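The structure under discussion appears below in the form of structure tokens.
Sequence lines set the chain letters: A, B, ... in the order given, protein chains first and strands last, and positions in each chain run from 1. This is a predicted model, so every value here is computed, not measured.
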Number of protein chains: 2
Amino acid sequence: MSRNAIGRDIPDMAPGFGTLRGYGGAFGTADSRLAATSRRPGAKVLASLDAALDAVGVRSGMTISFHHHFREGDLVVNMVVEALARRGVRDLVLAPSSLTYVHEKLIDRVKDGTIRRIRTSGLRGKLADAISAGLMDEPVLIHSHGGRARAMDGGELVVDVAFIGVPICDPMGNATGSLGASACGSLGYAMVDARVAAKVVMLTEEIAPYPLMPASIRQDYVDVIVKVDSVGDPAGIGKGATRMTRDPRELLIARTAAQAIAAAGIIREGFSLQTGSGGASLAAVRFIRELMLERGVKASFALGGITSQLVQLLEEGLVGTLLDVQSFDADAARSMAVNANHREVDASYYANPGLAGCAVDALDVVVLSAMEIDLELNVNVITGSDGVIRGASGGHCDTASGAALTVVVTPLLRGRLPSVMDSVTNVITPGGSVDLLVTDRGIAVNPARGDLLDALVAARLPVRDIAWLKRLAESYTGAPRPVEFDDRIVGLVEYRDGTIIDTIRRPKGLRA
Amino acid sequence: MSRNAIGRDIPDMAPGFGTLRGYGGAFGTADSRLAATSRRPGAKVLASLDAALDAVGVRSGMTISFHHHFREGDLVVNMVVEALARRGVRDLVLAPSSLTYVHEKLIDRVKDGTIRRIRTSGLRGKLADAISAGLMDEPVLIHSHGGRARAMDGGELVVDVAFIGVPICDPMGNATGSLGASACGSLGYAMVDARVAAKVVMLTEEIAPYPLMPASIRQDYVDVIVKVDSVGDPAGIGKGATRMTRDPRELLIARTAAQAIAAAGIIREGFSLQTGSGGASLAAVRFIRELMLERGVKASFALGGITSQLVQLLEEGLVGTLLDVQSFDADAARSMAVNANHREVDASYYANPGLAGCAVDALDVVVLSAMEIDLELNVNVITGSDGVIRGASGGHCDTASGAALTVVVTPLLRGRLPSVMDSVTNVITPGGSVDLLVTDRGIAVNPARGDLLDALVAARLPVRDIAWLKRLAESYTGAPRPVEFDDRIVGLVEYRDGTIIDTIRRPKGLRA
């Protein structure tokens with residue numbers, strides 16, 4: 001028996017409960033209500049990023065995470081990594097949901113030892129070039145969005161500090177991406193970071209009255225808050241991979257893809273869809289919409305990266321719900337704030353294969369881009385034909401695996417190079433999860449899907465053997481000369497379940 | 001190097017990543033898309049509770065959890081425990097958010113060894129009587145709502161299977177308490193169970209089209225779904241501790257409490273409030289409302305168990321947001337479905353002291369009931385004056401600790417017994433976190449809050465020394481005879497931080 005702080009006798013042990021601790025005070029470490037001010041709203045709002053870094057105890061060797069909802073407009077990764085470098089922090093593991101062209105400054109931070117390892121969905125620009133050329137001692141890990149959520153929720157990727165840039169939050173840390181001057185829409189990737197990270201530092205442009213609801217990021221996950229001038233430029237969201245195409249060849253592919261999806265019997269009342277980034281893929285929505293109007297059917301939901309075209313479908317009543325893990329343009333960000341059925345979902349809900357069933361498993365069809373596709377229908381969206389990293393895994397393999405019908409779209413030629421080849425440079429999505437390849441010169445069907453072949457032929461769509469498409473491409477370009485690589489592994493490509501589906505090697509002759 | 005399933009050579013190790021596993025297939029354990037049907041919507045909907053128990057592998061010794069959102073109308077605890085008993089499962093640890101009068105059948109399940117241990121916020125009726133009399137070999141643990149969330153989120157309380165009864169969900173497990181024939185409103189307690197439990201079995205009355213949004217319980221946390229005739233009777237929600245009083249003495253106390261809160265300077269633009277269950281506490285809202293109208297001020301939010309009176313404030317524009325962890329009546333359940341600013345929050349967000357700051361920490365005032373209160377302002381809401389368990393900890397100590405002003409309301413006498421005494425039978429909330437005691441015969445102020453004393457005296461409120469209130473009570477009743485206990489510890493009272501604030505002993509002469 002021991003007497004506790006209010007004079008009650010407490011046994012030292014109890015059957016079923018082991019050792020007991022006696023009550024010591026009502027306010028945690030504070031000795032009175034008037035001293036317990038560190039829990040009140042505003043107490044976690046610190047004056048500077050440096051104060052925040054002190055508060056969460058950032059140390060060398062830690063794993064730090066970021067989101068990429070601002071895409072090319074992101075300011076937070078550079079801001080935080082520079083601050084850490086100035087403090088002499090070293091050997092960091094950088095675990096953002098993705099990296100883009102704006103992160104080339106990280107090259108110097110790898111060189112000076114601030115960053116030791118990188119895990120990311122994507123890499124582009126000079127940073128990608130440098131890593132391809134052997135900048136880093138440890139390979140970069142390329143993960144899918146669902147694979148990252150799996151690793152985080154499953155405890156394989158332990159984040160010490162998550163840095164989360166938001167346009168607006170309240171003094172307790174409730175935050176949304178839908179409001180504020182720099183509204184970016186969904187914070188779907190960051191929501192997982194907030195849930196699992198040991199510490200969360202929120203960088204915000206504006207502090208709203210408590211409680212800010214609905215909260216994408218919950219206050220109880222946020223340790224400290226810092227107000228900064230800018231966390232990101234929303235104009236950078238719609239740049240690059242998420243812009244709308246006007247290219248007639250891409251529009252032709254998109255229309256053919258929509259016809260193939262219709263022929264497969266997917267465009268029926270209550271079906272569901274997702275379109276990945278890239279011109280023809282995003283453009284497929286407009287042709288699917290036309291077929292829906294013709295047939296008088298509505299979709300139950302659209303998933304994933306949400307665009308203005310999907311918002312149009314929602315506002316026209318052609319789709320019941322948008323499940324938004326990432327808003328791909330300003331229209332989508334605006335919509336989430338005003339349309340009740342435009343719902344934010346996090347990356348785990350979206351695509352995590354490690355829990356009890358994610359949203360991609362309910363997809364009827366996904367349309368995905370490819371940089372390269374091979375005779376086995378394996379898809380490359382991470383390295384160029386020169387072997388250099390210039391893409392992102394994203395939700396590609398997650399949705400390909402989950403959807404009932406996976407359609408890959410690509411022009412047969414990109415410039416002077418075939419998209420269809422014997423063996424892709426690197427595999428992000430295995431051919432087993434690809435059902436159809438739609439090009440501007442014909443459609444190839446996965447041999448395991450004889451049911452689809454019959455349906456497409458019956459609909460008089462231009463079905464071709466994939467080897468025929470490859471030969472057609474080569475008839476214009478000649479057989480492409482395969483890239484030669486040396487033995488240096490600069491990247492590992494992780495499949496969504498945590499296995500390694502491919503390695504990225506250094507092209508011969510490249511040197512950091 | 002090993003060759004993976006798509007023929008790529010993968011190193012066995014990589015610097016920074018340790019041992020690597022090679023990719024083995026696109027669809028998890030299924031070998032093709034057409035075989036991967038166990039991931040599609042509906043696949044987790046099983047035909048019977050027994051099939052669900054098989055699927056999640058319920059075994060003897062496991063910890064199982066439940067929510068009490070249907071309060072006296074709950075049907076799920078009995079249904080599941082009976083099914084487990086029939087299967088011969090033994091030694092279960094029962095970890096519901098609370099238990100009520102309707103759970104007396106559990107007595108037999110303790111007696112036959114189905115249940116070995118119970119953790120709960122509350123116990124009432126014959127089950128409580130039996131436990132007080134020594135029914136169980138191991139003491140029952142009484143926790144607060146915030147303390148339970150802390151234990152679950154912090155890994156101290158590991159739930160093997162959570163059984164979650166809902167009025168409606170979709171075929172993937174997205175569920176809400178706001179819709180359906182038996183709508184119960186917020187599922188705030190169950191949301192934590194779903195997040196942390198190793199397995200989740202959802203019992204539902206109705207299956208809606210996918211995706212059911214907004215989802216209180218997320219599909220990725222739900223392993224199996226069973227459709228049953230009824231999970232609960234919503235008419236049981238408003239019974240007992242959450243009904244509205246017409247007792248003139250309770251109304252007098254409620255009005256005095258509101259005046260004291262006003263005198264303390266709390267009723268100003270943007271303040272926040274919570275009222276606990278119990279007559280005078282719930283009734284305080286109507287008098288606070290009158291003072292708000294008089295002064296022309298609005299509250300920013302009301303928190304906790306939400307009643308029709310708080311919904312009225314929301315709909316009148318007198319409060320900006322309701323943060324609802326538990327809907328206390330049918331009106332509150334209805335409101336959550338229609339009022340955008342009536343927000344569902346989970347028990348962790350509400351009151352978990354183990355994370356980075358919960359909503360109770362933002363409260364300006366909470367009004368709480370007491371069964372007994374002593375000269376140190378320690379409050380008992382768990383045992384009667386006979387020492388027998390007949391109450392619930394709930395959010396009592398959580399809100400008392402978090403709010404800037406904690407007001408306890410109680411009539412000076414309950415029947416022929418004083419409420420104010422030298423030392424309460426059991427302590428749920430320590431006196432250090434109580435600022436004011438409001439009775440029908442005067443107000444006592446915590447000596448540590450000289451600031452409040454001055455304000456109340458200046459407002460000519462009937463401030464009395466608490467010892468004076470005690471003597472006044474005893475002048476009517478005589479000094480109460482203290483209950484005598486034997487050495488048998490039948491319950492442990494956990495403070496929200498996991499320490500033990502009190503033990504509940506067996507009253508002398510009681511035998512199970």
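- Here the side chain of A:Q219 pairs a donor or acceptor atom with the backbone of B:G357 at under 3.5 angstrom.
- Of the listed residues (A:P171, A:P15, A:G354), the one with the most heavy-atom contacts under 4.5 Å to chain B is A:P15.
- Neither the backbone nor the side chain of A:M136 comes within contact range of chain B, judged by heavy atoms closer than 4.5 Å.
- Looking at B:Y495, its side chain does come within 3.5 Å of a backbone N or O of A:A26 through a donor-acceptor pair.
- Contact annotation for A:R117: only side-chain heavy atoms (C-beta onward) come within less than 4.5 Å of a heavy atom of chain B.
- Interface check for chain B: of the options A:A362, A:G432, A:P430, the most heavy-atom pairs under 4.5 Å are formed by A:A362.
- Only the side chain of B:R195 comes within less than 4.5 Å of a heavy atom in chain A; its backbone stays farther off.
- There is no contact between B:A340 and chain A, counting heavy-atom distances below 4.5 Å.
- Counting heavy-atom pairs under 4.5 Å between each of A:G270, A:G320, A:A404 and chain B puts A:A404 at the top.
- The shortest distance between side-chain heavy atoms of A:T425 and A:F485 falls below 4.5 Å.
- In this structure, chain B has no heavy atom under 4.5 Å from any part of A:A36.
- The part of A:R496 that comes within reach of chain B is its side chain, from C-beta onward, which places non-hydrogen atoms under 4.5 angstrom from that chain.
- Contact of A:A14 with chain B is made through the side chain alone, with heavy-atom distances under 4.5 Å.
- A:V345 touches chain B through its side chain: at least one heavy atom from C-beta onward sits under 4.5 Å away, while N, CA, C and O do not.
- For the atom pair B:E156 CD and B:E494 CD, the distance stands at 6.0 Å (nearest 0.5 Å).
- For chain A, the nearby parts of B:M213 are the backbone and the side chain; heavy atoms of each come within less than 4.5 Å.
- For chain B, the nearby parts of A:P214 are the backbone and the side chain; heavy atoms of each come within less than 4.5 Å.
- For A:E376, no part sits under 4.5 Å from any heavy atom of chain B, backbone or side chain.
- In this structure, A:S300 contributes its side chain and A:F271 its backbone to a donor-acceptor pair below 3.5 Å.
- Looking only at heavy-atom pairs under 4.5 Å with chain A, the residue among B:G22, B:G28, B:G24 that has the most is B:G22.
- Chosen from B:N426, B:D220, B:N341, the residue pairing most often with chain A at heavy-atom distances under 4.5 Å is B:D220.
- Separation of atoms CZ (B:R119) and CG (B:L157) is listed at 4.5 Å; rounding is to 0.5 Å.
- Using a 4.5 Å cut-off between heavy atoms, A:N174 touches chain B through its side chain atoms alone.
- Contact of A:R505 with chain B is made through the side chain alone, with heavy-atom distances under 4.5 Å.
- Looking only at heavy-atom pairs under 4.5 Å with chain A, the residue among B:F17, B:Y221, B:F301, B:Y349 that has the most is B:Y349.
- Interface summary for chain A: among B:G431, B:G42, B:A403, the most heavy-atom pairs under 4.5 angstrom belong to B:A403.
- A donor-acceptor pair under 3.5 Å is absent between the side-chain atoms of B:R218 and the main chain of A:S348, judged by distance alone.
- Proximity of a side-chain donor or acceptor of B:D398 to a complementary backbone N or O of B:G146 within less than 3.5 Å is detected.
- Most heavy-atom pairs under 4.5 Å with chain B: of the set A:S433, A:P353, A:A448, A:G498, this distinction falls to A:S433.
- Counting only distance, with no hydrogens or angles, the side chain of A:S272 and the backbone of A:D364 share a donor-acceptor pair below 3.5 Å.
- Looking at B:A43, neither its backbone nor its side chain comes within 4.5 Å of chain A, counting heavy atoms on both sides.
- Only the side chain of B:N378 comes within contact range of chain A, judged by heavy atoms closer than 4.5 Å.
- Using a distance-only test at 3.5 Å, with no hydrogens or angles considered, no donor-acceptor pair links the side chain of A:D346 to the main chain of A:M191.
- For chain B, the nearby parts of A:L141 are the backbone and the side chain; heavy atoms of each come within less than 4.5 Å.
- Using a 4.5 Å cut-off between heavy atoms, B:K199 makes no contact with chain A at all.
- The parts of B:P139 that come within reach of chain A are both its backbone and its side chain, each placing non-hydrogen atoms under 4.5 angstrom from that chain.
- Expressed to the nearest 0.5 Å, how far CG of B:L20 lies from CD1 of A:I500 amounts to 5.0 Å.
- To the nearest 0.5 angstrom, A:C358 atom SG is 9.5 Å from A:Y350 atom OH.
- Options B:A5, B:S38, B:G402, B:G7 differ in how many heavy-atom pairs under 4.5 Å they form with chain A, and the most are formed by B:G402.
- Put simply, the side chain of A:D170 gets close to the backbone of A:L212: a donor and an acceptor are under 3.5 Å apart.
- Residues satisfying the side-chain contact (heavy atoms from CB on, under 4.5 Å) criterion with B:R8, sequence neighbours excluded, are A:D374, A:S423, A:V424, A:V427, A:D502, B:N4, B:I6, B:I10.
- A distance of 14.5 Å separates CG in B:L303 from CZ in B:R343, rounded to the nearest 0.5 Å.
- For the side chain to side chain donor-acceptor pair (under 3.5 Å) test, residues two or more places apart in sequence or in another chain that qualify with A:R33 are B:T406, B:D435.
- A:T321 touches chain B through its side chain: at least one heavy atom from C-beta onward sits under 4.5 Å away, while N, CA, C and O do not.
- Judged by distance alone, with hydrogens and angles left aside, the side-chain atoms of A:K44 form a donor-acceptor pair with the main-chain N or O of A:V222 at under 3.5 Å.
- For the options A:L355, A:D361, A:N446, A:D497, heavy-atom pairs under 4.5 Å to chain B are most numerous at A:D361.
- No part of B:V200 comes within reach of chain A, as not one of its non-hydrogen atoms sits under 4.5 angstrom from that chain.
- When A:N352, A:D451, A:L34 are compared by the number of non-hydrogen pairs under 4.5 Å with chain B, A:L34 comes out ahead.
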Start with the C-alpha gap between B:T503 and A:D9, add the side-chain angles, then the distance that decides, and say whether side chain to side chain donor-acceptor pair (under 3.5 Å) holds.
CA-CA 8 Å; B:T503 59; A:D9 290 328; over 6 Å; no
